[in-house]
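Each remark here refers to the structure printed beneath this line.
Proteins come first, then strands; the chains are lettered A, B, ... in the order of their sequence lines, and each starts at number 1.
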Amino acid sequence: MDNMQTPVLSVRDLKMYFKSGRGKNKLVVKAVDGINFDIFEGEVFGLVGESGCGKTTTGRTIIKLHDPTDGEVFFFGQRISAGTEGIKESIKEIKHNEDLSAEEKSEQIADLKTESKQRKADTMKIDTELMKKMQMIFQDPIESLNPRMTVKEIVAEGLRISGERHDKIINKKVNEVLETVGLLPEHASRYPHEFSGGQRQRIGIARALIVAPRFIIADEPISALDVSIQAQVINLLNDLRDTLGITIMFIAHDLSVIKYFSDRIGVMYYGNMVELTTSEELFKNPLHPYTRSLLSAVPLPDPRYEKNRKRIAYNPSQHDYSEEAPEFVEIKPGHFILCNSKELAQYKKELK
Amino acid sequence: MAGNIKLHVEDLTISFKTTQGLVRAVRGVSFDLHEGETLAIVGESGSGKSVTSRTIMGILAGNGIIDDGKIIYEGEDLTKVDEDHFHEIRGNKIGMIFQDPMSSLNPIMKIGKQVTEGMILNGKHLENRYKALFHEAKTTLNRLHREKKSLKVELRANLKAIKTGDSSADGMVLKEECNAALAKVKIAIPAAKKRLVVDKKAAKVAIDLEWKNEQERVTKLVSDVKAKLADSDGEAKQAYVDEIDMLQENLKRFKKVTKRQATERAIEIMDEVGIPDPVRRLNQYPFQFSGGMRQRIVIAIALTASPDVLICDEPTTALDVTIQSQILELINDLKRERNLSVIFITHDLGVVANMADRIGVMYAGKLVELGTAEDVFYNPVHPYTWALLSSMPDLESKERLTAIPGTPPNMLFPPVGDAFADRNSYAMAIDFKEQPPMFKVSETHSAATWLLHPDAPKVEMPEVIRKRIDRMTKNTSEVSK
């Protein structure tokens, strides 16, 4: 794997907290609580987990629909967003640290403050060229298309925002991209309600494709679609990857689809990534108990197997993290897992 | 397999009146539901599976018309049962679990009230007995009214026929017959009305007497206990107070299901469906529950009336895999414990394999394949079933998925021939002209496709499915070894 050196996207210790209320009503929801991963050129990275585990928030934070609480996101080597919560906390710590002299304190704090400023500046910066390289496909094809805009207007919007003004070029590009996703040029003048679910999702994909992105975040693009239509959309995404070489981050909760479509899979549980490896490895050697539980719940179209399938229950209290906090470690090349050293030893034994 | 036929659906045809015309949602569906079995109905959205189940429940939308067909449950045709009588069947005999647990619960009503609501409304024992006493008289009257109406319609048709001269002598005879019948009914109606009044009065007297006797009995018991209460103290006193309380509660329970009784039962059932700490949960609102827990509440509500047929309309579509798996296990357990017959509606073939004893595949308002789970998964014969199976990846598939081209037909204009012909790569000329009948593959297995006609060319199922079935049967035989 020589493309290992050039990650398209790197996520470092990303945290996204949602806060509400004040004083004693204050509530912090840790939707994403420190996750790390890289996505490499040309691969499909699957993100799986139950609803509410933070997979959609991860996707939305990466594309800057949320500003992260802490951690950094690098896209083509450039930092596109970063949070400052961690820096604030370390400043507080330094202030209360009695071992340091006043001078040392102010020096360190000044350093951290410049870093914080830099992070904020990076987050605020608008780089159209870079922005165009990342696009998102949303879950619900009905909700995500403006019912009062024609398909052409919807699809061309991204192009207009990125500075294209010539109608001729826009028309040409819209027609091209509609053809790529399997729609006809004459569909351009219609409104979203005139299309079926599968076609609407194609419009959503066309909208993402028009600015020629290198990286697409697909947030459950098929879960709102009918069975017979799902295959059409998966095939389309597969073709896009093969012909255009687009890197895709695929968020889903359907394990059979994610296994079929992804090269590597990250399993999330309550804001943490618990296991990350290639899809083959994940299904062959699931190590984390949550992954096992998840895999045991996949229903298959095979009645005899189904009648004997035993679901493995997962109870987060089975981990004893009171002495040592868990870390995301590489247990074997390309296979990461969230555990502490005691569990690591145990998992290693199981791996053999 | 399973025992007696619990529910028999025959040639059910339903359409909806819309501004654009008649939408033919269900076009001649027939199946049997046996006691203690799970029948899964699979199909895309718009294939008519939900409409079928709603008709069985008697909650068809206002613009829905049952054109034809029968739903026989316990010897009664549910399509002809009037709304009054349907109250006794709906919920009590046939329960339903809806698709979306978010929208099937009232967001501003506490869970406890929602679970007990049905029990309290249905649990007016004395009132129900009172109604039962004159039920027969009432149904007779209703029947007579219906007869009068239909006779009038018939008479009008006959008169019209005579006017236009379609049938001369015959029409006159028919007209006479109709008139005679009508006269008979007209005489019978006042008599029936009188009988209803008399019955009602008698019923009232009987029930009042019963209630009075019970009241007197309990008052006597209470006064006995009160006498004892007067010359006791300490613990014994408390025991007597409790006893009086219990007696009074029992008196209320004689009349109707009390709130306390309903709450006790609700806690029992919530425990049964696996909701931890039900006593505290009763006082919470739906938004305080997670998706899976909410679906459990919906199941609990359906179970409060102890139905023997349970219709599950996509109960797990809104849930994710782990929760889905839990809910399916729960439904399976309940089915075993209570010997329920389940109609399970879904579009997820994986879920079907888990739940179903028998499977019906629906497309464009028709059952296209019906058979046991093993029949449908290991020996599918209908091209639509093939297409469904091959369009979903399983954990081992690598090859490109075969998507079903096109979209389902518009049921405003149902196709003349086989509805799937347009999207079917195996379609023959006859598929566009004539609808295929149900062909029998084996005792338990039948499908509606011309491919099964003796004159049709031999067509093998697609390679992908063949391979997958081989793989599955191999896997399972290994497991059984």
Side-chain angles (χ1 to χ4, degrees), chain A residues 48-53 55 182 195-199 220 222-236 238-239 242 252-261 269 279-280 283-284 290 293-314, chain B residues 42-46 290-291 316 318-326 328-329 347-357 359 372-374 376-378 384 387-398 400-408 423 468-469 471-473 475-477 479-480:
Chain A
V48 68
E50 56 191 301
S51 46
C53 74
K55 47 190 198 307
F195 294 90
S196 66
Q199 283 175 317
E220 309 217 17
I222 58 160
S223 49
L225 302 177
D226 238 320
V227 240
S228 70
I229 313 294
Q230 285 187 357
Q232 294 177 9
V233 174
I234 295 178
N235 280 341
L236 172 63
N238 236 340
D239 291 345
D242 292 343
H253 64 247
D254 185 339
L255 275 153
S256 346
V257 170
I258 224 165
K259 161 89 195 299
Y260 171 75
F261 191 46
Y269 182 73
S279 54
E280 291 293 320
F283 280 77
K284 218 171 69 196
Y290 177 69
S293 147
L294 200 63
L295 294 185
S296 75
V298 185
L300 290 179
D302 182 351
R304 276 181 215 145
Y305 161 84
E306 279 295 319
K307 297 269 141 78
N308 299 315
R309 180 164 63 88
K310 288 267 179 316
R311 184 171 56 83
I312 306 168
Y314 173 66
Chain B
V42 202
E44 294 174 64
S45 35
S290 65
T316 59
L319 307 172
D320 55 51
V321 254
T322 32
I323 311 295
Q324 162 173 297
S325 188
Q326 288 170 15
L328 296 182
E329 267 168 37
H347 62 246
D348 189 335
L349 286 164
V351 171
V352 171
N354 186 328
M355 299 293 292
D357 299 314
I359 298 172
T372 63
E374 306 223 336
V376 174
F377 279 106
Y378 297 138
Y384 180 64
L388 268 189
L389 284 170
S390 56
S391 70
M392 87 182 250
D394 69 357
L395 293 179
E396 260 140 273
S397 45
K398 287 273 169 310
R400 193 183 158 81
L401 298 176
T402 21
I404 310 178
T407 46
R423 307 170 73 187
R468 188 185 293 178
I469 291 169
R471 204 163 54 212
M472 290 192 305
T473 38
N475 281 351
T476 36
S477 61
V479 168
S480 55

Checklist entry - Donor-acceptor pair, A:Glu50 side chain versus B:Val321 backbone, under 3.5 Å? => result no
Checklist entry - Considering only heavy atoms, which portion of A:Glu220 lies under 4.5 Å from any heavy atom of chain B: side chain, backbone, both, or neither? => result neither
Checklist outcome for this item: Nearest heavy-atom contact between B:Thr322 and A:Ser293 is CG2-OG, 3.9 Å
Next on the checklist: Need one label for A:Asn238: side chain, backbone, both or neither, based on atoms under 4.5 Å from any heavy atom in chain B.
Outcome noted: neither
Item to check | For the student: nearest non-hydrogen atoms of B:Leu389 and A:Pro301, plus distance | outcome: CD2-CB, 4.4 Å
Next on the checklist: Can you tell me which portion of B:Gln326 sits under 4.5 Å from chain A's heavy atoms? Options are side chain, backbone, both or neither.
Outcome noted: both
Checklist entry - Just how far is it from atom CG of A:Leu300 to atom CG of B:Leu349, taken to the nearest 0.5 Å? => result 11.5 Å
Item to check | Atom group of B:Ala387 that falls short of 4.5 Å from chain A, counting heavy atoms | outcome: neither
Checklist entry - Which distance, rounded to the nearest 0.5 Å, do you find between the CD1 of B:Ile323 and the NE2 of A:His253? => result 11.0 Å
Item to check | Heavy-atom contact with chain B under 4.5 Å, split by part of A:Asp239 | outcome: side chain
Checklist outcome for this item: Residues passing the side-chain hydrogen bond (donor to acceptor under 3.5 Å, both in side chains) test with B:Ser290, sequence neighbours excluded, are none
Next on the checklist: My understanding is that only residues two or more places apart in sequence, or in another chain, count here; which of them pass side-chain hydrogen bond (donor to acceptor under 3.5 Å, both in side chains) with B:Asp348?
Outcome noted: none
